[in-house]
Amino acid sequence: MDIRLTPEDLELRDRARSFTERVLIPLELECEEHDGLNAESSANAKRAVLDAGFNAINHAKDDGGQGFDLFQQILIEEQWGTATGGLWDIPWRPSISLANATGEQRERYLLPACRGERRDAYAITEEYAGSDPSMVRAAALRDGDAWVIDGTKWHVTSGDVADFFLVHAHVDGDPAKATVFLVDKDLPGVRLVRTPKYSHTFVFEHPIFAFEGVRVGLDAVLGEVGAGYDLTKDWFVEERIMIGARTMGAATRALDLSLAFAKERIQFGEPIVAFQAVEFMLADMAAQIMAAKSMLYRVGWQAARGGTDRKELHALASAVKLVCSETAGRVADAAVQIHGGRGYMREQPVERLWRELRVDRIWEGTSEIQRMVIGNELRKRGHEAYTGWPL
Ligand SMILES: Cc1cc2nc3c(=O)[nH]c(=O)nc-3n(C[C@H](O)[C@H](O)[C@H](O)COP(=O)(O)OP(=O)(O)OC[C@H]3O[C@@H](n4cnc5c(N)ncnc54)[C@H](O)[C@@H]3O)c2cc1C
């Protein structure tokens with residue numbers, strides 16, 4: 001069995017690491033202190049993404065993306081995930097669902113989004129529909145040669161910088177006809193309701209948007225009427241695996257910082273790393289990262305290069321997201337403990353990592369929802385996907 005990274009993989013990982021150190025990390029304190037970036041920093045960062053060739057890492061070269069396979073994307077996102085402030089979201093990754101665009105939609109949305117001229121935001125969640133998207137009330141009714149969309153979407157990540165939305169709505173109010181619509185933000189009837197504050201500092205916002213009698217053409221349907229869940233599932237699978245990658249990057253940085261701090265912090269005449277209580281925390285952090293990261297790489301490799309079907313990948317992506325996000329949460333908590341009072345200061349990266357990693361157990365499906373997906377797989381097909389070794 002050969003589990004080495006190829007020279008190309010290593011080169012890509014190093015390139016992503018250097019981009020993170022050169023472009024993202026230096027923006028952390030500005031982002032934390034000002035709850036975002038100023039226009040100049042944003043513009044510079046955007047240019048740096050294009051210069052580094054890190055725009056649309058998840059799309060095909062033909063569509064203006066980088067054509068990286070899923071494993072390569074994991075290597076990149078793991079590095080980006082070390083940065084706090086959600087700065088990993090600066091390099092735009094247009095939703096993978098856009099790969100289903102028609103020729104005209106591709107010209108209008110996908111290609112400019114990959115180039116960084118447009119930006120999308122995915123709007124599914126509502127006040128009464130979170131874990132259970134069948135409760136979505138956003139409805140699309142046919143009126144002649146238009147669809148008319150009404151609904152209110154919550155937590156729309158990057159909604160402040162997006163100029164179009166992928167809106168998950170039910171045609172005729174029927175959950176069996178869940179459909180994704182491409183909706184330009186500047187259309188009449190699209191209204192910013194408010195921009196709530198969240199626990200984490202994030203480079204962009206997660207506003208609430210109302211869609212009030214918004215008229216879009218019949219060609220605004222992505223995929224087809226009723227394909228909403230399938231498209232959203234593709235998005236979830238990709239995002240859940242990328243959360244696995246980013247949380248592993250974040251956890252590794254938390255361990256790195258904790259080890260360095262424990263070696264230099266002297267109390268009772270000794271570096272605190274000499275105290276077994278601290279050393280054991282570090283040992284647990286390292287061992288837990290090793291376990292979760294091994295799983296992430298195995299699933300990523302299997303998906304990209306080993307061949308796995310869509311259903312299986314959906315089941316595996318939930319396990320990756322569950323284990324990596326929960327592991328990273330524990331690691332970051334220990335990192336704060338090792339740093340003592342300093343660990344509670346926002347100017348310290350471990351504090352920000354700890355606060356920011358909390359949402360990874362909530363968004364893109366909570367940990368409970370990931371367990372439901374895994375349980376469903378166990379009931380339907382047994383445990384082979386998790387316990388077997390198909391490589
Ligand atoms: C910062 C942030 C950004 C987000 N960005 C986006 C975005 O860009 N687009 C978007 O559409 N959404 C986004 N979301 C929404 C996110 O995906 C939802 O918050 C998440 O799926 C949970 O839904 P909910 O908040 O309604 O919780 P609920 O579904 O109300 O769940 C509440 C609790 O009940 C538990 N629960 C629910 N059902 C079950 C069950 N059957 N069994 C066991 N436990 C259950 C949950 O696990 C949770 O603990 C974002 C959320 C946040 C916080």
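Positions are given from 1, in the same order as the sequence printed here. Values below: every heavy atom of this structure, side chains too, minus hydrogens, waters and symmetry copies. Indexing begins at 1, ligand by ligand and atom by atom, following the structure's order.
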How about [X] and [Y]: does a side-chain donor come under 3.5 Å of a side-chain acceptor?
{"X": "H206", "Y": "T157", "answer": "yes"}
{"X": "T152", "Y": "E127", "answer": "no"}
{"X": "T232", "Y": "H168", "answer": "yes"}
{"X": "S41", "Y": "E30", "answer": "yes"}
{"X": "H339", "Y": "Y344", "answer": "no"}

Would you call R93 and E238 a salt bridge, taking side-chain N to carboxylate O under 4.0 Å as the test?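 Yes, charged N to carboxylate O under 4.0 Å.
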
Between ligand 1 and [X], is the shortest N or O to N or O distance under 3.5 Å?
{"X": "H200", "answer": "no"}
{"X": "D132", "answer": "no"}
{"X": "E368", "answer": "yes"}
{"X": "W154", "answer": "no"}

[atom]: protein heavy atom closer than 4.0 Å?
{"atom": "atom 20 (C) of ligand 1", "value": "yes"}
{"atom": "atom 25 (O) of ligand 1", "value": "no"}
{"atom": "atom 50 (C) of ligand 1", "value": "yes"}
{"atom": "atom 33 (C) of ligand 1", "value": "no"}

Just need the protein heavy atom nearest to [atom], so name the residue and atom and give the distance.
{"atom": "atom 15 (C) of ligand 1", "result": "T125 OG1, 3.2 Å"}
{"atom": "atom 39 (C) of ligand 1", "result": "I369 CD1, 4.2 Å"}
{"atom": "atom 9 (N) of ligand 1", "result": "Y122 O, 2.8 Å"}
{"atom": "atom 2 (C) of ligand 1", "result": "W363 CE3, 3.6 Å"}

Minimum heavy-atom separation for I338 to S258, with atom names?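 Smallest interatomic distance, heavy atoms only, reads CG2-O, 3.9 Å.
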
Kindly give the heavy-atom pair with the smallest separation between C114 and P94, and that separation in Å.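 Heavy atoms only, the tightest pair is N-CG, 3.9 Å.
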
Would you say the ring centroid of F165 lies under 6.0 angstrom from that of F211?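 They qualify: ring centres under 6.0 Å apart.
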
Closer than 4.0 Å to some heavy atom of V359 - which atoms of ligand 1 meet that?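 Counting from 1, the qualifying ligand atoms are 1 (C), 53 (C).
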
With atoms numbered from 1 as shown, which atoms in ligand 1 lie under 4.0 angstrom from a non-hydrogen atom of E364?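 Contacts of ligand 1 toward E364, numbered from 1: 17 (O).
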
Using non-hydrogen atoms of the residue, decide whether M372 is closer than 4.0 angstrom to ligand 1.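 Distance cut 4.0 Å: M372 passes for ligand 1.
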
What part of [X], side chain from CB on, backbone N/CA/C/O, both or neither, has a heavy atom under 4.0 Å from ligand 1?
{"X": "H155", "answer": "both"}
{"X": "I124", "answer": "both"}
{"X": "T366", "answer": "side chain"}

Candidate with minimal heavy-atom separation from atom 3 (C) of ligand 1, of T157, V167, L166: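 Checking each option, the heavy atom nearest atom 3 (C) of ligand 1 is found in T157.
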
For atom 29 (O) of ligand 1, the option (of S131, S158, G375, G130) bearing the nearest heavy atom: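 That would be S131.
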
Does the D9 side chain pair with the main chain of L75, one donor and one acceptor, at a distance under 3.5 Å?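 Side chain of D9 to backbone of L75: no pair is present.
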
For the residue pair F202 and W88, categorise the inter-ring angle as parallel (less than 30°), tilted (30 to 60°) or perpendicular (more than 60°).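 It falls in the perpendicular class, over 60°.
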
Which word best sums up how the rings of F68 and F54 line up, parallel for under 30°, tilted for 30 to 60°, or perpendicular for over 60°?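 Tilted, since the angle between the ring planes falls between 30° and 60°.
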
